[in-house]
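Written below as structure tokens is the structure these notes are about.
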Number of protein chains: 2
Amino acid sequence: MLKDIIDNNENYQPGLSIDCVIFGFHDNQLKVLLIKVERANKWSLPGGFIPVDQDIDTAAITVLNSRTGVDGVFLRQFATFGKVDRNKQHFDKKILEYLKIEEAKGKWLMRRFVTIGYYALVDFSKILPNPANRLEVVEWIDHKEVPELILDHREILDKALDTLRIELNLMPIGYNLLPEKFTIPELQKLYETILDKKLDRRNFLRKITNIGILTKLDEKKSNVAHKAPNLYSFDKGKYDEVLKNGLNQGW
Amino acid sequence: MLKDIIDNNENYQPGLSIDCVIFGFHDNQLKVLLIKVERANKWSLPGGFIPVDQDIDTAAITVLNSRTGVDGVFLRQFATFGKVDRNKQHFDKKILEYLKIEEAKGKWLMRRFVTIGYYALVDFSKILPNPANRLEVVEWIDHKEVPELILDHREILDKALDTLRIELNLMPIGYNLLPEKFTIPELQKLYETILDKKLDRRNFLRKITNIGILTKLDEKKSNVAHKAPNLYSFDKGKYDEVLKNGLNQGW
DNA sequence: ACTACATTGCGTCATAATAACACATTACTG
DNA sequence: CAGTAATGTGTTATTATGACGCAATGTAGT
């Protein structure tokens, strides 16, 4: 696949790529979707190149969709990375040899690549990690146990998480990581995990419901230890209304 | 100069540019530094290309510095723009003819360019708008009276202002737009102008001083109508301390 | 079946932050 | 030298937040 792109590199934006930080939530852990290709020993963020006839946002959707199978989810550009030597060690001659790419064509890949970072929030339960081919491993990994990543992907991941934390404070985007029906305690765990901070149960309930974007369902979570918590769903209409006024304005 | 770049295009990142939204504050107006080249009839944001041997942040500093003469100021990447047709109408054959560039070389410029947006906050009083050459007009323009801009520069400008508003709520960055010594009413006017909202004098004073990053000087503003307001200066050390804890956390 | 237990749901209170407003002070203006 | 238009300081009511208490609920163990 990479060989296809390089062989037809005139169809792709040169020196530009996209990397996606895909977040999911499971077992009270914030997970990140990572990829390992056979030839490399390190993990990396799912990424891709940008067809010359596609908006960069569209190309990002393609990357996300090809790995997770979902679309219509929360996807947001957060930063662009372009240090001079960011891909110096990686796109080297070994890969060209491995892929049997002639050196002339290979020059397209060898130059400095600037990468545009997107982060996505997806419903873990709906995702089936989808390897592009047999040589690829795709896996959800707890963000606290992310191993060494290629290039500057660690920096990209960290920046994505920083952005997520800030945006979670600005607007209630957390529901994107949960199924349609969820409980307040689940939502709280999510907040606590992302913000890496314990929150008071009672105060959390008050604050989150006061925003007015949650609908209390006439249904309780079943098959659960101890008292069954109530289920809630997210109200998109009210959410848009609230966003207009702006949450946590400050001034 | 553009011709030089195109003639030596192998020294520059292909299909990538930088555009800077440079904000200043003067006469109670939020100003934007805009450029008009002789051949075009529209204004544009100051921009530039990215040498292959420079970090993108460094290239942004170069753009800012070449237009304003200042450095060490607040400069922040805020978004990257890459719609397929964003520079379709602009980088067309007319320019190539005008610059006497052969069509083969011209192809470098004709493709879709993705541009990385940076915004800067500068002390208006220290800046002398600096045209790169005789054919160029560089001017401060009130953000409420920005004329039609080339390409998607209007969209870039709007996004920069949105980002500025949000970041002003998250951290007190406004002082970057004022001289070393300033008065609280001046700072308030700045906030009111950026946020496009009237604020209460008394409450503003209390809130801004409570942050603890302003030093009250033993000096009053002179040559001023009515009661002379006290001068303040910004305390960088305390600012860094405050930022560590995070302002306006939300949760 | 009954009790212990962990967890949820609702409420209270003290404190802090915010909004709205009154009044005295200052220095230029006519 | 009084009028005026600002600045500086304080007061109060309202709201938001943080730290708890306690009853209700459903499971698990005996």
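Just so it is clear, the model here is predicted, and its values are computed rather than measured.
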Partner set under salt bridge (Lys or Arg N to Asp or Glu O under 4.0 Å) for B/K220, not counting sequence neighbours: none

Sugar-phosphate, base or nothing in reach of A/N230, heavy atoms under 4.0 Å: sugar-phosphate

With sequence neighbours excluded, residues passing salt bridge (Lys or Arg N to Asp or Glu O under 4.0 Å) with A/E145: none

Identify each donor-acceptor pair in which a side-chain atom of residues 121-129 of chain B lies under 3.5 Å from a protein atom, sequence neighbours left out, and give them as a table.
unit_1	atom_1	unit_2	atom_2	d
B/D123	OD1	B/S125	N	3.0
B/D123	OD1	B/S125	OG	2.8
B/D123	OD2	B/S125	OG	3.3
B/K126	NZ	B/E180	OE2	2.9

Length of the line joining B/K221:NZ and D/dA5:P, which is rounded to integer Å: 21 Å

Sugar-phosphate, base or nothing in reach of A/K216, heavy atoms under 4.0 Å: sugar-phosphate

Between C1' of C/dA19 and CD1 of B/I208, the distance in whole Å: 17 Å

Rounded distance in Å - CD1 (B/I184) to P (C/dT25): 21 Å

Proximal nucleotide (of C/dG9, D/dT17, C/dT18) relative to the A/K207 side chain: D/dT17

Spacing between B/N210 atom CG and C/dA19 atom P, to the nearest angstrom: 13 Å

Selected nucleotide, minimal atom distance to B/K220 side chain, candidates C/dC10, D/dT9, C/dA27: C/dA27

Nearest-angstrom distance from the residue atom CG of B/L231 to P of C/dA27: 13 Å

Protein-nucleotide distance (A/E219, atom CD; C/dT8, atom P), rounded to Å: 17 Å

Listed partners of B/K181 passing salt bridge (Lys or Arg N to Asp or Glu O under 4.0 Å), at least two apart: B/E219

Electrostatic pair A/K144-A/D142, nearest N-O below 4.0 angstrom: no

Rounded distance (Å) that lies between atom P of D/dT17 and atom NZ of A/K197: 12 Å

Atom pair CG/OG1 of B/L231 and B/T215 - distance to nearest 0.5 Å: 12.0 Å

Review item, nucleotides 20-24 of chain C N/O atoms under 3.5 Å of protein N/O:
unit_1	atom_1	unit_2	atom_2	d
C/dA20	N7	B/N203	ND2	3.1
C/dA20	N6	B/N203	OD1	3.3
C/dC21	N4	B/R202	NE	3.3
C/dA22	N7	B/R202	NH1	3.1
C/dA22	N6	B/R202	NH1	2.4

Salt bridge (charged side-chain N to carboxylate O under 4.0 Å, His left out) pairs, two or more places apart, involving residues 19-32 of chain A: none

Atom pair distance, as rounded to whole Å: CZ in A/F204 and C1' in C/dC10: 16 Å

